[in-house]
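Everything below concerns the one structure shown next.
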Number of protein chains: 2
Amino acid sequence: MKPTLLDVAELAKVSRTTACRAMNNEGRIDEETRKRVLEAAKSLNYQPNRLAQSLRVKQSFVIGVIFSNLFAGHFYSEIFRGIEEYTSGQNYNLILGCSDGSVEKETELIESFQARQVDGLIMTPTNHMSAEAIEILEKSRIPVVFIDRCSTDYEHDYVGTDNLLGGKLAADYLKKLGHQNVAVCMGPDGETMSVTDRLRGAVQVFEKEQMHYFTITGKSKARNSKEFSYEAMLEAMDTLESKKVTAVMAMSDSVALGASRALIEHGYRIGKDIALIGYNNDDFCPYLTVPLTTVGQPKYELGERAAELLLNKIRDKMSKSNTKIILQPKLMIRQSCGES
Amino acid sequence: MKPTLLDVAELAKVSRTTACRAMNNEGRIDEETRKRVLEAAKSLNYQPNRLAQSLRVKQSFVIGVIFSNLFAGHFYSEIFRGIEEYTSGQNYNLILGCSDGSVEKETELIESFQARQVDGLIMTPTNHMSAEAIEILEKSRIPVVFIDRCSTDYEHDYVGTDNLLGGKLAADYLKKLGHQNVAVCMGPDGETMSVTDRLRGAVQVFEKEQMHYFTITGKSKARNSKEFSYEAMLEAMDTLESKKVTAVMAMSDSVALGASRALIEHGYRIGKDIALIGYNNDDFCPYLTVPLTTVGQPKYELGERAAELLLNKIRDKMSKSNTKIILQPKLMIRQSCGES
DNA sequence: GTGAAAGCGCTAACAA
DNA sequence: TTGTTAGCGCTTTCAC
């Protein structure tokens, strides 16, 4: 049986209270007894039960993380690392779930995490969170920070990058290279706000510069971006030719990868016959045969800032609840648009 | 203030016990009162406090997951998905940490998860787990399942793939294509058992077939496989030429990606001037300009089986504690070795 | 500086 | 079928 605080107390010949004070380095306690308790604890291999602690102090030091999509391996891995490194230094642990784009699972996860008394929540919501989920969040008053995407239907804190600007950056660059006809490959998450923002940004440029464009939305059932966009692109091949498209803008690097496969199979040489620009700056970009030009997002920092914001909210419940932290995207010029 | 079971009980005009029974669908209870309680619970928006429950029943329904490396985005994402989907159906939640290859952090995580009373642990250990960590695990008697890698110094359950066979598969294939001189690019995790096993498997073939080979270990400080192997490969360029290497075997697909960048920069055409084979079958493989031939691992299933094994151990503490589940690798022939 | 006692929210003997 | 009571392991008020 695991030793409890009482065991430690008895061994050190003090009361539970005193033992507790010693363990938590509290004030009013004799240095001598403190040492004695600590030794007793050590010799018993005592470890406080965090469940009991949490129950008592009504603070669990656990934060819940809900991603909507783990297929996008690199993107969420980096965000998670940012969250993890920031929070682990402050004694928090993370409980992680993946909604896989399902609103039901998202709701379940929120409820489950809530039942576990998480101190806060960081999440990328599904496209349309269920009304139920939103109600739960609002009623529970658990501090929440949305990351990367955000819910339209709900007042919230948010950490993301400026997707409108990102879209502009990409479009401006294509314009600068002289492209007039561009296809925009949306990928499977075309309905999320982050992606529609990128599109809006690009379209602003397209219209101002009187460029032609059209979007490839695809109707594949694949959840995997690469597969989805590969199929979507294959279907769009004819249109590509008839509209004399010279540049493809992909809404993520994975989408770009899928699109490039279709393009290559149809004899296009990336960076020569056709320009391709991605989004995210995933870590594989520099390592492709034709290194991918893309718009970079600071993924790790996204996670870090979200964690920071959340912990601040947790500590200061009064902090105003509509903070938006918008980080800047950055154009990463490589070779897939023909320049080096 | 959140409603407690007592609030529900009062509203339904029964005792806490009865309310408890109703919530947990236990036997001996009148159908009428059960309904009344459930209604009361609903109207109060009652949600049981899992912390209190766990404390009481001494079972948390949380399992800890510790990965050693989240850079390898896709690989661990898939494993995690396998674990998550299997366990979430059974009411478990996952608490996730990343040791980042550091034994100190690994030990901290184990302790921390233990303090949180996890019911079990799934982990990829660092190369050499600290004696301390092993001692904690043994003393705590928490069921543990190692995944992908395993600790040499410790009796354990394990789920992985047959890396020896995987190495052979790759080497056999290169032999079949007529290669006589191959370079093996080890990557940053060259010391892990999974990688050394792959090498052993390959070497068995090399020796039997009297092929020449040498390993590229690299001395980069990068933790990222792609970067690491890119640098390692650059350094090895001269040797590659002097030894007339015609094939490169990479210990993971990320390593292959890094290596290919160096090769391409030096004018090699993958699949024509030089053959390249990877390992893992990461999801980007089919989407490279020259689709990568590789040895596939069933990542999702790895996670799933690990979760299954762990839950069985949790339920039946008596189950023998040295189960090894070894899944089979599979050669995925694409174009990077010249065949289609 | 130390300890007794109460209680966080839940479950489970046992008794009625 | 229902309720009383004790207790999981911890923290905290209050009194000494």
Side-chain angles (χ1 to χ4, degrees), chain A residues 1-38 40-41 44-62 91 111-119 140, chain B residues 1-38 40-41 44-62 91 111-119 140:
Chain A
M1 220 46 205
K2 274 190 195 164
T4 76
L5 194 56
L6 191 58
D7 299 320
V8 175
E10 279 171 358
L11 182 61
K13 303 207 189 306
V14 293
S15 73
R16 278 216 294 281
T17 315
T18 309
C20 177
R21 288 199 185 106
M23 294 304 299
N24 298 336
N25 280 316
E26 278 189 30
R28 320 172 305 176
I29 185 174
D30 190 85
E31 186 59 19
E32 273 302 295
T33 41
R34 210 180 63 84
K35 273 188 186 153
R36 217 168 60 240
V37 173
L38 259 36
L44 286 178
N45 241 303
Y46 169 74
Q47 203 186 25
N49 182 327
R50 298 272 251 142
L51 250 36
Q53 273 181 182
S54 303
L55 179 62
R56 179 64 233 234
V57 304
K58 291 179 178 306
Q59 155 133 250
S60 65
F61 279 94
V62 171
N91 228 329
E111 279 190 314
S112 172
F113 288 3
Q114 190 197 174
R116 291 199 188 279
Q117 317 299 120
V118 295
D119 292 341
S140 70
Chain B
M1 220 46 204
K2 274 188 194 163
T4 76
L5 193 56
L6 190 58
D7 299 321
V8 175
E10 280 171 357
L11 183 60
K13 303 208 189 304
V14 294
S15 73
R16 277 215 295 282
T17 315
T18 308
C20 176
R21 288 199 185 105
M23 295 303 300
N24 299 335
N25 280 316
E26 279 188 30
R28 320 171 303 176
I29 186 174
D30 189 87
E31 186 58 18
E32 272 302 296
T33 41
R34 210 180 63 84
K35 274 188 186 153
R36 218 169 60 240
V37 173
L38 260 34
L44 286 179
N45 242 301
Y46 169 73
Q47 202 185 26
N49 182 327
R50 299 273 252 143
L51 251 34
Q53 275 182 180
S54 304
L55 178 62
R56 179 63 232 235
V57 304
K58 291 181 178 306
Q59 156 134 249
S60 65
F61 279 92
V62 171
N91 228 328
E111 279 190 315
S112 173
F113 287 4
Q114 191 197 172
R116 292 199 187 277
Q117 317 299 118
V118 295
D119 292 341
S140 69

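Below, chains carry the letters A, B, ... as their sequence lines are ordered, and counting in each starts from 1.
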| Under 4.0 Å between a side-chain N or O of B:Thr18 and OP1 or OP2 of D:dT2? | no
| message | Taking any heavy-atom pair under 4.0 Å as a contact, classify B:Ser54: base, sugar-phosphate, or nothing. | response | nothing
For residues 9-17 of chain A, dump all side-chain donor-acceptor pairs below 3.5 Å to protein atoms at least two apart in sequence or in another chain.
{"from": "A:Ser15", "atom 1": "OG", "to": "A:Thr17", "atom 2": "N", "distance (Å)": "3.3"}
{"from": "A:Ser15", "atom 1": "OG", "to": "A:Thr18", "atom 2": "N", "distance (Å)": "3.3"}
{"from": "A:Ser15", "atom 1": "OG", "to": "A:Thr18", "atom 2": "OG1", "distance (Å)": "3.2"}

| query | Starting at CD1 of B:Ile29 and ending at P of D:dT2, how long is that distance when rounded to a whole Å? | reply | 6 Å
| Which heavy-atom pair separates B:Asp119 from B:Gln59 by the least distance, and what is that distance? | OD2-OE1, 3.0 Å
| task | Please round to 10 degrees the angle between the axis of the first five pairs and the axis of the last five pairs in the helix from C:dG1-D:dC16 to C:dA16-D:dT1. | result | 40°
| remark: Under a 4.0 Å heavy-atom criterion, the protein footprint on nucleotides 9-16 of chain C, written with B, S and -, is BBBBBB--
| request: Among residues two or more places apart or on two chains, list those pairs meeting side-chain hydrogen bond (donor to acceptor under 3.5 Å, both in side chains) that have a residue in residues 46-55 of chain A. | output: A:Gln47-B:Gln114, A:Arg50-A:Asn91
| field | Distance (rounded to the nearest 0.5 Å) between A:Leu55 CG and A:Ser60 OG | value | 11.0 Å
| query | Excluding sequence neighbours, so at least two apart, what forms side-chain hydrogen bond (donor to acceptor under 3.5 Å, both in side chains) with A:Thr33? | reply | none
| request: Would you sort out whether B:Lys2 and A:Gln117 count as a side-chain contact (heavy atoms from CB on, under 4.5 Å), showing the intermediate values? | output: CA-CA 11 Å; B:Lys2 274 188 194 163; A:Gln117 317 299 120; 3.2 Å; yes
Side-chain donor-acceptor distances from residues 21-30 of chain A under 3.5 Å, at least two apart:
{"from": "A:Asn25", "atom 1": "OD1", "to": "A:Arg34", "atom 2": "NH1", "distance (Å)": "2.8"}
{"from": "A:Asp30", "atom 1": "OD2", "to": "A:Glu32", "atom 2": "N", "distance (Å)": "2.8"}

| message | What is the separation between atom CZ on A:Arg36 and atom C1' on C:dT2, rounded to the nearest whole Å? | response | 11 Å
